[in-house]
There are 2 protein chains.
Amino acid sequence: MPDLNFSVLRFVPREGGYARGQEGFELILKTAVSVLVEHGYKDMTLRRIAKECGMKAGNISYYFKSKDDLVRALLQAISGSYETAISEATAGAGGDPESKLTQLISFILQDGTTRQTSYLFPELWSLANHDTFAKQCVDELYLSEHQRFDEIIGELNPALSADDRSVLSTFILSSIEGIGVFAGYGKYWQDAMPQLQATACRCFLEFVKSAKPGVSGTLSASAPELKP
Amino acid sequence: MPDLNFSVLRFVPREGGYARGQEGFELILKTAVSVLVEHGYKDMTLRRIAKECGMKAGNISYYFKSKDDLVRALLQAISGSYETAISEATAGAGGDPESKLTQLISFILQDGTTRQTSYLFPELWSLANHDTFAKQCVDELYLSEHQRFDEIIGELNPALSADDRSVLSTFILSSIEGIGVFAGYGKYWQDAMPQLQATACRCFLEFVKSAKPGVSGTLSASAPELKP
DNA sequence: TGCAATTCTTGACATATGTCAAAATATGAG
DNA sequence: CTCATATTTTGACATATGTCAAGAATTGCA
């Protein structure tokens with residue numbers, strides 16, 4: 001069984017109960033994530049989770065009144081954990097906005113090389129496409145990442161408007177996440193990840209620094225203007 | 001029921017049989033794709049496909065000896081269809097390598113705004129993570145896209161080495177695909193897609209044209225060299 | 001129009017799933 | 001230790017799934 005390591009998987013604390021109760025609660029969620037990663041949502045059954053927990057399926061119904069409930073807790077825990085991780089990763093960055101951007105990009109790409117992240121996110125994206133609550137969790141997660149990019153871009157190029165910043169943030173964030181799909185754990189271009197990381201840092205840093213206000217205008221809108 | 005439009009869904013032709021047989025065969029595959037898109041792989045059951053086909057579940061077993069067989073045919077049809085679409089989309093591009101790159105990027109992003117593509121690919125990525133055959137189909141699809149980028153980049157900047165070209169192709173391809181996850185059909189940043197498209201074209205075109213040989217070197221390897 | 005090959009339905013099977021109630025067991029404050 | 005509370009197992013339920021065999025219905029060539 002491959003190693004799974006969330007830096008920290010954060011749970012909403014349980015009200016009342018014994019210590020054992022909290023253990024069981026967290027074990028179920030951790031194991032559920034593991035099953036989701038290793039087998040996909042399609043095969044994430046209560047009996048499978050229970051078996052890997054060393055307990056019986058009925059016991060999960062004691063902690064979660066339905067599978068839907070379990071999945072919700074799962075999504076919240078995952079979303080919250082990644083938000084926390086991003087927060088901590090960017091908190092330690094030096095004052096230099098250039099290295100902040102480089103560090104943020106590198107952190108996300110590095111995380112994308114783990115089996116967990118590489119296998120988990122397609123499941124999340126699929127879930128988000130068919131479930132409103134899942135979509136909210138994923139959106140929330142990415143909004144917090146988007147905000148980090150927005151801040152850094154503002155420092156790097158103060159001349160840009162809020163709209164320009166937002167589009168650039170979305171552009172860079174989504175590009176970076178896309179790289180994980182192609183060069184993440186077990187993917188075809190996995191070996192090129194170091195080069196991709198260096199390339200992404202160079203390309204986006206340069207682009208943000210040299211961007212002029214209106215950079216995010218659509219192509220047709222950027223047609224040559226009439227001179228007065 | 002939202003409209004689904006594969007430009008063309010290509011099938012491996014059936015051997016022998018009546019005309020009705022071919023119809024049923026194609027109907028099942030088309031419907032299976034529709035169910036996969038609308039409900040996700042988890043809920044892509046034979047009975048659901050059959051019901052949407054207006055036939056009984058048992059009949060699918062006549063065309064496909066197992067569900068696994070159906071899924072394989074599905075993946076091949078999808079992979080082949082996208083390869084064909086990419087091929088045709090780039091065939092019509094003018095001789096100018098700049099507009100070729102712009103057109104290819106625009107085509108992929110435009111396709112990513114459709115419900116079909118936006119919902120389908122997370123399913124494919126998830127499948128590829130847990131199934132060898134699915135992984136092969138997805139890899140094959142992306143390899144053919146990668147090759148198009150590689151060719152165009154070679155025209156745009158002949159000074160680059162094959163390694164540089166390949167890394168840049170992977171970088172741009174994955175970035176573009178990532179944008180679909182964030183600004184595709186129904187996604188949070190959907191409204192920003194026109195700006196993202198313009199931004200991506202500007203950023204990557206500029207980057208490729210101005211790239212110097214060795215651009216894909218890792219950051220540590222690009223440390224200042226000792227002068228002799 | 002016959003009639004053999006093809007397509008489709010019927011109905012069943014074994015197995016799997018989420019859920020639940022009742023009984024059994026474990027926990028830890030007093 | 002006692003015992004009320006919390007946790008866990010047991011065993012069942014209704015429903016769902018992929019698969020298959022046998023028979024009914026359809027197709028299209030002669």
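Throughout, a chain's letter reflects where its sequence line sits, starting with A, and its residues are numbered from 1. Computed from heavy atoms alone, side chains included, the values below leave out hydrogens, waters and symmetry copies. Values in this document were obtained by computation on a predicted structure and should not be read as measured data.
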For the helix from C:dT1-D:dA30 to C:dG30-D:dC1, measure the angle between the helix axis at one end and the axis at the other, each built from five pairs, rounding to 10°. 10°
How about B:Asp43 and A:His130: do any of their side-chain heavy atoms sit closer than 4.5 Å? no
Any base atoms under 4.0 Å from B:Gly58, or only sugar-phosphate, or nothing? Heavy atoms, all strands. base
Is any side-chain N of the basic residue among B:Arg10 and B:Glu83 closer than 4.0 Å to the acidic one's carboxylate O? no
Within the structure provided, determine whether B:Leu141 and B:Phe121 are in side-chain contact (heavy-atom separation under 4.5 Å). yes
Result for ring pair (Phe, Tyr, Trp, His ring centres under 6.0 Å) between B:His146 and one of A:Phe182, A:Tyr188, A:Trp189 points to A:Trp189
Heavy atoms only, 4.0 Å cut-off, all strands: where does B:Gly21 land among base, sugar-phosphate and nothing? sugar-phosphate
My understanding is that only one of A:Ile108, A:Thr102, A:Leu101 makes a side-chain contact (heavy atoms from CB on, under 4.5 Å) with A:Ile105; could you say which? A:Leu101
Going by an N to O cut-off under 4.0 Å, is there a salt bridge joining B:Asp131 and B:Lys135? no
Nucleotide-resolved protein contact map, nucleotides 25-30 of chain C, B/S/- at heavy-atom distance under 4.0 Å: -SBS--
Of B:Asp164, B:Asp150, B:Ile152, which meets side-chain contact (heavy atoms from CB on, under 4.5 Å) against B:Ser169? B:Asp150
Stacked cation flag A:Lys187 on A:Tyr119, 6.0 angstrom / 45 deg: no
Between B:Pro122 and A:Asn129, is any pair of side-chain heavy atoms under 4.5 Å apart? yes
Listing, residues 14-27 of chain A side-chain donor-acceptor contacts under 3.5 Å, not counting sequence neighbours, or none:
{"from": "A:Gln22", "atom 1": "NE2", "to": "A:Glu26", "atom 2": "OE2", "distance (Å)": "2.7"}

Taken to the nearest whole Å, CG/B:Asn59 to P/C:dC8 is 5 Å
Has B:Tyr63 got a side-chain N or O lying under 4.0 Å from the OP1 or OP2 atom of C:dT6? no
Once you round it to whole Å, what is the distance between P of C:dT6 and CZ of B:Phe25? 16 Å
Does the side chain of B:Ser126 pick up a donor-acceptor pair with the side chain of A:Glu123 at under 3.5 Å? yes
Heavy-atom contact window of chain B on DNA chain D, given 5' to 3' at under 4.0 Å: D:dT17 to D:dG28
Students often mix this up, so state it plainly: with edges at 30° and 60°, are the rings of B:Phe171 and B:Phe207 parallel, tilted or perpendicular? perpendicular
Just so I know, are the side chains of B:Gln76 and B:Phe133 near enough to count as touching, which here means a heavy-atom distance under 4.5 Å? yes
For DNA chain C, what residues of residues 42-51 of chain A have any heavy atom nearer than 4.0 Å? A:Thr45, A:Leu46, A:Arg47
In terms of side-chain heavy atoms, does B:Lys100 have a donor or acceptor partner in B:Thr90 at a distance below 3.5 Å? no
Counting C-beta onward and ignoring hydrogens, is there a side-chain heavy-atom pair between B:Leu74 and B:Met44 closer than 4.5 Å? yes
Expected list for residues 67-74 of chain B near DNA chain D, using heavy atoms below 4.0 Å, is B:Lys67
